[in-house]
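From a predicted model like this one, the values you see are computed outputs, not experimental measurements.
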Number of protein chains: 2
Amino acid sequence: MQVGTHTHTIDEMLRAMAQQGWRITEQRRSLATLFAESGSYLSPKDVYEYMKVKYPGVSFDTVYRNLRLLSEMGVLEQFHLADGLKFKASCLSHHHHHMICISCEKTVTFEFCPMKLVKDLPESFEIQSHRFEIFGYCSDCKSGISQPSELH
Amino acid sequence: MQVGTHTHTIDEMLRAMAQQGWRITEQRRSLATLFAESGSYLSPKDVYEYMKVKYPGVSFDTVYRNLRLLSEMGVLEQFHLADGLKFKASCLSHHHHHMICISCEKTVTFEFCPMKLVKDLPESFEIQSHRFEIFGYCSDCKSGISQPSELH
DNA sequence: CTAGATGCAAAGACTTTGCATAAGA
DNA sequence: TCTTATGCAAAGTCTTTGCATCTAG
């Protein structure tokens, strides 16, 4: 579960799909619901397991197709955590960064952006984007109960 | 080719292996040479292709095994770029960050570290590590000659 | 010598593709 | 309706494993 606010409601996600001319199918509605409600990092398998409950006939390739489509349109973001590829609802509301628990993957947003202060950068580089993430243990995991997985 | 300095010479890498009780085989020497000389991001396939030249019998699994071992001992670092998993000689000399060209993957180091200035972070999080990378176009790619690949 | 490393082959995990059918708009 | 999305099956890609052989120390 994410601590910041959920930046995408289900409706926002569905609206985004419709605007780009995509159909709102049962499966996609289900996908949007999952990501809007969970707010956490989900693997294709997680997503598949979840959707199978409501749509027993759902297939893995549909999950993959929709995850990729939603990523391409910016509704979801992809991450490579230590345990593989994961997806999360993107935070489009405003620019910010994340602290991620390396044990439970709980994510907390914060406003500080290093690009405002960065200096002495190599010249002649046309900056397009950046990544800044802080990894550590959240209060629940600090005690070391669960085996920390190695994020990079 | 990397712009900063090569932080691992072949000897440093071999010494590190020996210190951890590993054997210096022909293939590992070859691997060390490749990463020390190239300084860039290499996929398992790149590595395999390179090693095959000198050791025609080399197998893919040996490449994978050694890449993983070298990563675990910190001689190499893993990255998930847009075109998949890549390895690079780690920069152990001192702490710094990278600017990476999203077209050619050329990498430039810089000294600024956001952790020195970060503030207003959420409480009760035990910080372990961080990532900070800037993506953009290097001077050679700025003109837009090559199709930019999408790093995340 | 002898534990550790390699090469081969095979299996495994994950992801994508082709095509007929089903279902949004 | 009629175009897009789905489910199925199959193939593809990337990575790991088991085991007999080889080799660095």
Keeping Thr109(B) on the side-chain end and Thr107(B) on the backbone end, is there a donor-acceptor pair under 3.5 Å?
no
Using only heavy-atom distances, determine whether the side chains of Ser59(A) and Asp61(A) contain a donor-acceptor pair under 3.5 Å.
yes
Is it true that a side-chain atom of Ser124(B) and a backbone atom of Ser139(A) form a donor plus acceptor pair closer than 3.5 Å?
no
Rounding to an integer number of Å, can you tell me how far Leu69(B) CG sits from dT6(C) C1'?
13 Å
Given atom CZ of Phe60(A) and atom P of dT17(C), what is their separation to the nearest angstrom?
16 Å
Can you check the Tyr64(B) OH to dA11(C) P distance for me, whole Å?
19 Å
Ignoring backbone atoms, establish whether Gln27(A) has a side-chain N or O less than 4.0 Å from OP1 or OP2 of dA23(C).
no
Distance col, row Tyr50(A):OH vs Thr33(A):OG1, nearest 0.5 angstrom, shows 5.5 Å
Below 4.0 angstrom, N of the basic side chain to O of the carboxylate: do Lys52(A) and Glu49(A) qualify?
yes
Find the distance Met17(A):CE to dA25(C):C1' and express it as a whole number of Å.
16 Å
How large an angle, rounded to 10°, do the end axes of the helix from dC1(C)-dG25(D) to dA25(C)-dT1(D) enclose when each is built from five base pairs?
50°
Can you check the Tyr55(B) OH to dT6(C) P distance for me, whole Å?
11 Å
Mind calculating the distance between CZ (Arg29(B)) and P (dT6(C)) to the nearest angstrom?
13 Å
Given protein heavy atoms under 4.0 Å, the one-letter contact record of nucleotides 19-25 of chain D, with B base, S sugar-phosphate only and - none, is simply ----BBS
Is there a donor-acceptor pair under 3.5 Å between the side chain of Arg28(A) and the backbone N or O of Arg23(A)?
yes
I'd like to know if the side chain of Ser30(A) and the backbone of Glu26(A) have a donor-acceptor N/O pair within less than 3.5 Å.
no
So which one's nearest nucleotide on DNA chain D is more toward 5', Gly57(A) or Gly21(A)?
Gly21(A)
Round to the nearest Å and state the distance from Asn66(A) atom CG to dT4(D) atom C1'.
12 Å
Rounded distance (Å) that lies between atom P of dA10(D) and atom CG of Asp61(A):
13 Å
Shortest non-hydrogen contact between Phe132(A) and Pro114(B), atoms and distance
CE1-CG, 3.5 Å
Do the side-chain N or O atoms of Thr62(A) get closer than 4.0 angstrom to the phosphate oxygens (OP1, OP2) of dG7(D)?
yes
Aromatic plane relationship, Phe110(B) with His97(B) - under 30° parallel, 30 to 60° tilted, over 60° perpendicular:
tilted
